[in-house]
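Below is one structure, written out as structure tokens, with a few remarks after it.
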Amino acid sequence: MKRPSILVSALLAALVFSQALALQAQDQEKNFYGNFTFGYRAVDTSGATDKYREHINLEKGVRLFNFNLTYLATNDLKKLFDRIDVNVYNFGGDPFETFSLSIQKYGAYKFQFNRRKSDYFYGDQVGPRGFFDTNSFDFSRISDSGMFSLTLTKNINVFLNFDRYTKSGSSVTTFDINRLEIETDKPLSEKLTEVAFGFDLHINRYSLVFEERIQDYKNSNSLFLPGYADGGPGAAYPASLDYFRLNQPYDFKSNFHIFRINARPLDNLIVKGSALLSKQDTNLTYSEQAGGIDYLDRSFTTDLSGTGKFKREIQLYDLDLTYLLFDKLAVIGAVRYNNFDQTGSLTINGVREVADFGFGTLGIEAGLQYQFSPRLTLTAGYRHEKRTLKNPGSEEGEDGDEELAPPDAYFQPATFAEKTVRNSLFGNVKWDFKNVKLTLDYQHGNYDDPFTLISPTLFDRLRATARYQRKGFSASAGYLMTKTKNDIPGGADFRIVYGENGYGDVWKASNNQFNLRLGYNAAKINASAGYSHIDFKSDTDRRVGFDPYWSGPAGTFLWPIHYQGKSTLLDASFSYVLDKGWKVGAYVNSYTNSGYWPIDRTMLKGYLEYTFPGGYITQIGYRYVNFKEKDSGFNDYKANILEFSFGYRWE
């Protein structure tokens, strides 16, 4: 935690505190309301510090935990605005800081600005079953967004939006060169700026929205070896590196044209449509320098440089229709079309590689919706989608040669077909009965000739939800089941993708999720409890074939891929108002995961709060975290977090 951020936080807290006193003295002013709390956090950890930083990353020090202020204008100020809202959370060095400002005049305009700052750290080194990860990340992300909308007339609104995302920090990643895996430093520097403007027109039964959006993105994208590297004692190859640098910065600019329409031209017809047209231009530069000993024990040097350019065009069109045939029966339908085209070239040391490919997707939906009663509705239908791969070509050649290879040389689909067809059925039931709401949704479909080896050919999805509300008691439950399967006959050829060689190569995966939550709210008591369970399973025995090479003849080997994970999450919270000033609360959370990566995490939190006469608040809170990886134990940690806070609430 940096000292300047502590000082700023303390000064801001003092300023807010003095303002609260001034507001309290002005009994006649009733247009301010809000609250703030600031205080100190003490942190004690033991075990894997890096894992604690990855999960929680709370440090000791002074913090402004929250500041919320609303001002309602009076007298002459109402000519300028009606309301101002300011919200600040976790200011002063926490990993997640937020700030928002909103100014609006009802029926005239609204301005809003939001800033979110988050820090991310990852430093895992050892996992279960000998898993070893040398990658690490330590970076900050800042997201700024602004919005201004202006009401010109009762039917026309115009708007201007601004978004900016920055990411900066450091990381370590691995890179293979001459059969030597090295750890390289990879600085992180990204920036995305987006500006959007448009108008919203709504007249009687019609609503139109038109939006123009512009994006500008830059990424430094570089890595280097910080010194000398070799395979160490007992290495299989004598390769070593004296130096290595790779720079591939790139940037792109995108333009979007967006149009949306909602219309009800007839009493029994509803039409919804949208269109998105976008173009993107990407430029990159490439340079690579390396020197050392290769895997054949010969000296080598590498010095490569070049440039690349890519163009991408996307068109998306959606049209949804609902037509009421009778009082209780409606026909629903939709047409969706997506077209994607990308061309590009990369030239390195005079050798040029050109790619030109794309795909088009056409989807059609049709169904019926029947309303048995105002509380019970049934929907069922059919969905058909066809995706066609276009011009999948690529070639290497001298600079200036742009001839493309035949379609079977690049982006070869898994079954040597250039069209993928998806057919599916869907159904939905909604039932609202007094205090109970039930939904049931089911989808079944299949793919013919999928593009990739990991694409499913068969899938099923079932989702059910239930909600109950009566006075202060509430209950909700949900179940989600998904199953996917790939049953393409034949095996996977390591180099040619797929071939009719008689090998079986079937894989399947399933995911079952169940959640239950209970709650009770009363004047003095708030309580809730939840349970969630996730069971994921994936099974395949893949037969991989490889071509002959200088190292040996052609052959095959069996690649079994079996994975299962079961996760259970339990949580409960409770708060109770003891009397006019005292309040106590507690929270418990337990997470367990079994299967490939057994994990156990327990978190306990409790607090005691007292409200003084006049609106002052003080609170003491304690949090305990115990994390265990049952197989390895290398990443286990415990944390004790104690927070003292003081604040003020005015209404």
Side-chain angles (χ1 to χ4, degrees), residues 1-2 5 43 45-61 89-98 115-145 163-177 180-193 217-227 229 241 243-252 284 286 288 565 567 591 593 596-597 599 601 603 625 627-629 631-639 641:
M1 181 179 56
K2 298 181 180 179
S5 63
V43 179
T45 62
S46 61
T49 304
D50 284 354
K51 199 66 175 180
Y52 169 80
R53 291 185 61 193
E54 178 187 337
H55 287 175
I56 302 175
N57 204 19
L58 294 177
E59 297 182 357
K60 65 179 181 180
Y89 295 97
N90 304 318
F91 187 76
D94 273 3
F96 297 97
E97 298 179 353
T98 62
R115 163 165 280 211
R116 296 184 297 273
K117 180 180 180 295
S118 63
D119 296 328
Y120 179 78
F121 178 85
Y122 174 82
D124 259 345
Q125 295 296 322
V126 182
R129 296 173 175 84
F131 172 76
F132 187 76
D133 187 4
T134 58
N135 293 278
S136 64
F137 302 91
D138 189 0
F139 56 81
S140 296
R141 294 164 292 192
I142 298 177
S143 176
D144 295 319
S145 62
D163 294 277
R164 180 174 58 198
Y165 170 83
T166 59
K167 177 179 176 181
S168 60
S170 60
S171 67
V172 174
T173 187
T174 58
F175 194 85
D176 264 323
I177 181 171
L180 176 66
E181 187 176 89
I182 60 173
E183 295 182 28
T184 61
D185 286 358
K186 182 178 175 61
L188 301 176
S189 178
E190 300 178 36
K191 183 178 180 180
L192 173 64
T193 303
Y217 176 81
K218 292 180 173 61
N219 192 325
S220 62
N221 196 30
S222 65
L223 53 87
F224 64 92
L225 174 66
L241 279 177
Y243 62 92
F244 174 76
R245 293 182 297 273
L246 175 63
N247 296 301
Q248 191 172 308
Y250 65 95
D251 61 80
F252 66 74
L284 67 86
Y286 181 91
E288 178 183 344
S567 300
Y591 170 76
N593 184 76
Y596 178 79
W597 201 315
I599 293 174
R601 185 190 68 195
M603 184 175 72
V625 183
F627 177 82
K628 295 180 180 179
E629 288 184 354
D631 281 356
S632 67
F634 291 106
N635 294 310
D636 295 357
Y637 70 85
K638 294 181 180 179
I641 304 171

*What's the shortest heavy-atom distance between S222 and P187, and which atoms?*
O-CD, 3.5 Å

*Hey, could you give me the OH/CG distance between Y243 and L241, rounded to the nearest 0.5 Å?*
9.5 Å

*K117 atom NZ, over 12 foreign heavy atoms within 6.0 Å*: yes

*Working to the nearest 0.5 Å, report the span between NZ of K186 and OG1 of T174.*
11.5 Å

*Looking only at non-hydrogen atoms, find the nearest pair between I56 and P95 and report the distance.*
O-CG, 3.8 Å

*asked:* Within this structure, what is the CD1-OG distance for the pair I142 and S118, rounded to the nearest 0.5 Å?
replied: 9.0 Å

*Which atoms form the tightest heavy-atom contact between V43 and T45, and what is the distance?*
CG1-CG2, 3.9 Å

*Taking the inter-plane angle between the rings of Y122 and Y120 on a 0 to 90° scale, is it parallel (under 30°), tilted (30 to 60°) or perpendicular (over 60°)?*
parallel

*N221 side-chain N/O to Q248 backbone N/O, donor-acceptor pair under 3.5 Å*: yes

_D636 side chain to A48 backbone, donor-acceptor under 3.5 Å_ = no

*So, for V625 and R601, which heavy atoms are closest and what is the spacing to 0.1 Å?*
CG1-CG, 4.5 Å

*Close side-chain approach of L223 and F244, heavy atoms under 4.5 Å*: yes

*Would you tell me whether Y217 and N219 have side-chain atoms, one donor and one acceptor, within less than 3.5 Å of each other?*
yes

*What distance separates S46 OG from Y52 OH, expressed to the nearest 0.5 Å?*
11.0 Å

*Decide, yes or no, whether a salt bridge links K167 with E190 under the criterion of side-chain N to carboxylate O below 4.0 Å.*
yes

*Any donor-acceptor N/O pair, S143 side chain to R116 backbone, under 3.5 Å*: no

*Verify, without hydrogens or angle tests, whether T184 (side chain) and T173 (backbone) share a donor-acceptor contact under 3.5 angstrom.*
yes

_Rounded at 0.5 Å granularity, tell me how far CZ in R53 sits from CG in D138._
5.0 Å

*asked:* Which heavy atom of K218 sits nearest to which heavy atom of D251, and what is that distance?
replied: CG-CB, 3.9 Å

*Gap between atom CG of L58 and atom CD1 of I641 - 0.5 Å precision*: 5.0 Å

*asked:* Give me the atom names and distance for the closest heavy-atom approach of G123 to S136.
replied: CA-CB, 4.3 Å

*Given side-chain contact (heavy atoms from CB on, under 4.5 Å), test F627 with I599 step by step and report yes or no.*
CA-CA 8 Å; F627 177 82; I599 293 174; 3.4 Å; yes

*Kindly indicate whether the side chain of N247, heavy atoms from C-beta on, has any atom under 4.5 Å from the side chain of F224.*
no

*Starting from the C-alpha separation in whole Å, work towards a yes-or-no answer on side-chain contact (heavy atoms from CB on, under 4.5 Å) for F634 and E629.*
CA-CA 7 Å; F634 291 106; E629 288 184 354; 5.7 Å; no

